[in-house]
Amino acid sequence: MRPTPALAAGRRTVANLLSATEWMLPSPASQVHTISVLPSQSPTSRHEFAFSNLTTSLGNGGGKGVEEGSPRFHLVRDDLLHQLTNGNKARKLDALLPLLRRRGATDIVTCGGCQSAHAAAVAVHCAERGIMSHILLRGEQLDVPTGYNLISLMFGNVTYASRSLYAQRDEMLYEHATKIAGSNGTVMWADDIIGEDLVVDEDTTYYGNCLRRVMIVKEGAGSVQALLGVMRLVDYLSGMILFGQDENVHIVVDSGTGTTAVGLALGAVCLGLQWRVTAVMLADTLERYRQQEKSLLSDFEKLYPGIFHRVVENDTHGSLVQWVERSSPRRGLSLCMKGRVMEN
């Protein structure tokens with residue numbers, strides 16, 4: 001199920017879109033580490049592993065040498081993007097948060113699990129930009145806050161929601177946002193921001209008794225605007241020596257909402273790359289992930305109709321991403337793999 005770039009609108013069109021977008025992250029750059037699998041010199045071990053930092057060895061051929069010809073994969077170290085938040089959570093906010101701020105957002109409401117990395121990322125990056133964040137966390141307050149739960153408490157306004165209330169996420173988010181907005185404020189879903197609607201000068205919105213503009217961001221930032229930050233990463237990776245435009249790259253990514261996987265695949269297609277994306281499902285059924293993919297692609301085409309007309313061959317049934325079941329417990333890292341895929 002490999003996407004075809006044959007009907008892509010062209011790399012220049014996508015480049016223009018990315019260059020015209022206001023970003024949260026100062027650079028799309030990410031460290032890329034290469035892990036090579038070498039024949040073992042020990043009778044008790046099948047493999048040995050060699051490590052190199054591709055990012056710092058580009059001038060020397062991207063980490064080749066003793067590893068030449070050995071099976072290897074490359075790890076995109078987005079966990080190093082920020083001191084407190086990282087990974088795809090920051091990528092999905094890369095274009096989304098500046099958009100909300102440009103639309104005059106005074107408050108942002110979102111939700112997540114008790115240790116939600118997304119919730120912590122929203123809290124931190126909103127605090128950095130003077131926006132009030134309101135975080136609804138599923139479950140009960142911890143006796144001793146730790147990890148992302150502690151970060152959310154430090155930088156955001158946290159409310160704990162019962163599991164029965166959380167089961168109706170949309171209603172829960174909207175009701176909470178309405179309370180924050182008050183009688184004179186406005187509430188809007190991030191997904192509903194299209195084109196140049198609601199262009200507001202940031203200096204015209206105030207706290208207190210004046211107008212408050214409350215924006216709702218879905219759990220995990222599963223919104224069409226979040227795709228742009230991931231596409232920006234694809235554009236950056238395609239400029240690296242070993243991830244060039246003519247390379248057949250296979251990306252394997254851990255998927256919660258599925259937004260990152262769709263963004264990676266969409267970016268590859270729109271940039272005319274012969275890349276394929278496999279997403280390891282975490283939180284839902286195959287049918288729901290396919291529905292999410294279809295919804296995001298439909299929203300993207302409506303938002304940016306000039307980017308592409310059709311993005312996959314007929315026999316793929318409209319799917320850019322290969323969704324697969326998880327075969328082992330989650331370890332917290334996503335792999336960017338190239339060439340031969342290794343099996344245990």
Side-chain angles (χ1 to χ4, degrees), residues 17-30 78-79 81-112 116-136 148 151-152 154-158 173 176-177 180-181 185-205 207 212-233 235-236 256-257 259-260 262-263 267 296 299-300 303-304:
L17 170 63
L18 296 180
S19 64
T21 300
E22 180 183 356
W23 302 106
M24 179 187 77
L25 298 173
S27 167
S30 183
D78 267 5
D79 57 313
L81 285 177
H82 191 278
Q83 299 93 329
L84 297 176
T85 70
N86 51 61
N88 63 338
K89 313 308 176 187
R91 294 287 180 190
K92 288 188 285 186
L93 295 176
D94 199 9
L96 178 57
L97 194 55
L99 173 67
L100 299 183
R101 186 181 183 186
R102 195 164 63 249
R103 265 48 175 189
T106 61
D107 302 77
I108 291 179
V109 177
T110 193
C111 64
S116 169
H118 159 71
V122 170
V124 170
H125 291 296
C126 281
E128 291 177 339
R129 287 154 182 81
I131 301 174
M132 295 288 291
S133 64
H134 306 268
I135 313 297
L136 292 162
Y148 287 127
I151 293 174
S152 295
M154 291 173 61
F155 293 93
N157 300 294
V158 172
L173 286 168
H176 196 71
I180 295 168
T186 59
V187 175
M188 190 172 193
W189 292 84
D191 281 354
D192 293 335
I193 299 178
I194 303 295
E196 294 301 316
D197 293 344
L198 294 180
V199 176
V200 177
D201 189 289
E202 294 172 14
D203 294 334
T204 64
T205 56
Y207 291 104
R212 299 181 75 168
R213 296 182 180 273
V214 184
M215 305 290 186
I216 304 175
V217 175
K218 289 182 180 179
E219 181 180 27
S223 304
V224 61
Q225 294 91 347
L227 298 174
L228 290 181
V230 185
M231 294 174 68
R232 187 188 186 202
L233 171 62
D235 184 51
Y236 165 76
T257 65
T259 307
T260 299
V262 174
L296 287 171
D299 289 345
F300 185 85
L303 197 58
Y304 307 104

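Since the structure is predicted, the reported quantities are computational estimates derived from the model, not experimental observations.
No side-chain heavy atom of Gln225 sits under 4.5 Å from any side-chain heavy atom of Leu100. Between Asn88 and Val230 the shortest side-chain heavy-atom distance does not fall below 4.5 Å. At least one side-chain heavy atom of Phe155 sits less than 4.5 Å from a side-chain heavy atom of Leu84. Tyr148 places none of its side-chain heavy atoms less than 4.5 Å from the side chain of Lys89. Counting only heavy atoms from C-beta outward, the side chains of Leu233 and Asp78 approach each other to under 4.5 Å. No side-chain heavy atom of Met132 sits under 4.5 Å from any side-chain heavy atom of Ile180.
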Take Leu25 and Arg232 through the test side chain to side chain contact (heavy atoms under 4.5 Å, CB included) and record every step on the way to the result. CA-CA 11 Å; Leu25 298 173; Arg232 187 188 186 202; 3.9 Å; yes

Please step through side chain to side chain contact (heavy atoms under 4.5 Å, CB included) for the pair Leu228 and Trp23, ending with a clear verdict. CA-CA 10 Å; Leu228 290 181; Trp23 302 106; 4.1 Å; yes

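Closest non-hydrogen pair, Leu296 versus Gly222, comes out as CD2-O, 4.2 Å. Annotation for Ala95 and Gly229: closest pair CB-N, 4.4 Å, computed over non-hydrogen atoms. Closest heavy-atom contact between Leu81 and Ala29: CD2-O, 3.8 Å. Across all non-hydrogen atoms, the minimal contact from Gly220 to Lys92 is O-NZ, 2.6 Å. Of all the heavy atoms in Gly156 and Ala123, the pair that sits closest is N-CB, 3.8 Å. Taking both residues in full, the closest heavy atoms of Ala119 and Ile135 are given as CB-CG2, 3.4 Å, listed atom of the first, atom of the second, then distance.
Note that OG of Ser133 is 10.0 Å distant from CG of Leu97, once rounded to the nearest 0.5 Å. Here Leu136 contributes atom CG and Cys111 contributes atom SG; the two are 6.5 Å apart, rounded to the nearest 0.5 Å. Between the CD1 atom in Ile216 and the CD1 atom in Ile108 there is a gap of 11.0 Å [rounded to 0.5 Å]. One finds the CG atom of Asp107 at 8.5 Å from the CG atom of Asn157 (value rounded to the nearest 0.5 Å). With rounding to the nearest 0.5 angstrom, the CG atom of Asp94 is 9.0 Å from the OG1 atom of Thr21. Once rounded to the nearest 0.5 Å, the distance linking OG1 of Thr106 with CZ of Arg213 reads 8.5 Å.
Without hydrogens or angle criteria, Arg91 side chain to Pro28 main chain gives a donor-acceptor distance under 3.5 Å. At distances below 3.5 Å, at least one donor-acceptor pair connects side-chain atoms of Arg129 with backbone N or O atoms of His125.
The side chain to side chain donor-acceptor pair (under 3.5 Å) test with Ser223 singles out one residue from Asp191, Thr257, Asp192, Thr259, and that residue is Asp191. When each of Lys218, Glu219, His118 is checked for a side chain to side chain contact (heavy atoms under 4.5 Å, CB included) with Thr110, only His118 meets the rule.
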